[in-house]
Amino acid sequence: MSDTKARIAVLVSGGGTNLQAILDAQQRGGLPSGEVALVISDRPGAYALERARTHGIPAAAFSKKECGGQRAFEERLAEAIDGVGAELIVLAGFLSILSEDFTRRYAGQIINIHPSLIPSFCGAGYYGLKVHEAALARGVKVTGATVHYVNEIPDGGEIIAQKAVNVLPGDTPETLQRRVMEEAEWILLPQCVEALCAKIVRRRG
Ligand code: GAR
């Protein structure tokens with residue numbers, strides 16, 4: 001284990017473009033204080049797992065159902081995270097809700113990316129395209145992305161960083177999702193990950 005890099009576990013459920021943004025940052029030297037040590041998916045077929053394997057990063061997949069419930073699922077998650085000594089846990093399109101026990105155990109160590117400017121269009125039921133559908137239905141002219149700490153309240157933890165993105169005439173949920181990813185998520189998330197890893201490394205002294 002490198003003393004100059006914080007180890008990162010990335011939790012995913014789907015395509016993994018945010019995971020890719022972190023891996024790309026790592027590859028071009030934009031993540032000098034961290035290294036992705038593990039990728040875990042709660043869906044065995046998630047394309048994000050392929051992205052991890054392409055980069056030679058250990059990847060595991062197990063669902064809540066397969067584990068026999070929330071508690072056993074979280075125990076397995078914790079075992080995997082602690083097994084690689086991860087100090088930062090990044091939820092990058094991870095759709096399982098984590099319990100208070102789990103978020104307390106890793107308090108201050110779990111962050112999430114959400115595709116809106118919290119407190120708009122967030123909380124239970126707001127994920128993926130649904131967030132952009134809601135933003136368009138409300139008629140907002142500006143949306144964006146938020147990186148925040150994770151606590152027991154869905155999308156309720158302390159905000160770390162936000163980036164605004166314009167909504168354009170004629171936008172569909174899909175075009176808006178893509179613009180929010182390109183102009184906000186894929187920039188903001190790797191920047192926050194590096195900043196937090198640098199802090200972890202500094203704390204070690
Ligand atoms: C991203 O837009 C992410 O912000 C969102 O799901 C998408 C995952 O895409 N997350 C949420 O909605 C969480 N509430 P990806 O798998 O390509 O990174």
Side-chain angles (χ1 to χ4, degrees), residues 1 5-14 16-23 25-26 31 33-43 46 48-49 52 57-64 67 70-116 118-119 122-124 126-128 131 145-162 184-186 188-204:
M1 191 188 308
K5 289 184 193 287
R7 290 167 75 79
I8 306 161
V10 184
L11 275 49
V12 297
S13 299
T17 64
N18 278 287
L19 165 68
Q20 190 68 55
I22 297 169
L23 296 176
Q26 186 171 305
L31 188 49
S33 311
E35 61 189 351
V36 178
L38 176 68
V39 171
I40 305 174
S41 171
D42 59 358
R43 287 164 203 213
L49 293 165
I57 292 160
F62 43 87
S63 67
K64 215 172 276 184
C67 294
Q70 181 83 18
R71 185 176 278 271
F73 173 67
E74 290 183 346
E75 265 164 26
R76 193 150 166 203
L77 267 184
E79 246 170 54
I81 289 165
D82 297 346
V84 298
E87 299 158 282
L88 181 67
I89 302 162
V90 179
L91 310 189
F94 182 68
L95 299 180
S96 289
I97 303 281
L98 296 167
S99 72
E100 185 166 357
D101 275 356
F102 190 90
T103 56
R104 284 225 174 135
R105 175 171 178 169
Y106 295 102
Q109 289 182 271
I110 316 176
I111 65 169
N112 178 51
I113 176 108
H114 183 76
S116 75
I118 290 175
C122 66
Y126 286 101
Y127 59 88
V131 178
T146 303
V147 176
H148 63 91
Y149 286 108
V150 173
N151 64 10
E152 69 282 5
I153 303 159
D155 299 324
E158 185 191 335
I159 292 172
I160 299 168
Q162 294 185 301
E185 296 187 54
W186 300 341
L188 203 59
L189 186 60
Q191 280 176 353
C192 288
V193 169
E194 169 53 23
L196 292 171
C197 286
K199 215 163 148 184
I200 292 168
V201 171
R202 268 200 309 274
R203 238 190 273 135
R204 284 188 200 144

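Each residue takes its place number in the sequence, starting with 1. Small disclaimer: the values here were computed from a predicted structure and weren't measured.
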Is [X] reaching over with its side chain to a backbone N or O of [Y], donor-acceptor style, under 3.5 angstrom?
| X | Y | answer |
| --- | --- | --- |
| Q70 | I97 | yes |
| E87 | R7 | yes |
| Q109 | I89 | no |
| S41 | L49 | no |

In chain order, what residues pass the side chain to side chain contact (heavy atoms under 4.5 Å, CB included) check against [X], with sequence neighbours excluded?
| X | answer |
| --- | --- |
| R104 | E100 |
| E75 | R71 |
| A72 | C67 |
| Q26 | L31, E35, V36 |

Partners passing side-chain hydrogen bond (donor to acceptor under 3.5 Å, both in side chains) against [X] (at least two apart in sequence or in another chain):
| X | result |
| --- | --- |
| Q20 | D24, R51, H55 |
| S116 | H114 |
| D42 | S13, S96 |

For residues 76-83, which side-chain donor-acceptor pairs fall under 3.5 Å, sequence neighbours excluded?
| unit_1 | atom_1 | unit_2 | atom_2 | d |
| --- | --- | --- | --- | --- |
| D82 | OD1 | Y106 | OH | 2.8 |
| D82 | OD2 | R105 | NH2 | 3.0 |
| D82 | OD2 | Y106 | OH | 3.3 |

*Which residues pass the ring pair (Phe, Tyr, Trp, His ring centres under 6.0 Å) test with F62, sequence neighbours left out?*
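With sequence neighbours excluded, F62 shows a ring pair (Phe, Tyr, Trp, His ring centres under 6.0 Å) to F73, given in chain and number order.
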
*Residue pairs passing the side chain to side chain donor-acceptor pair (under 3.5 Å) test where at least one lies in residues 188-199, sequence neighbours excluded*: S33-E194

*Is there any salt bridge (Lys or Arg N to Asp or Glu O under 4.0 Å) pair reaching into residues 148-161, and which pairs are they, with sequence neighbours excluded?*
none

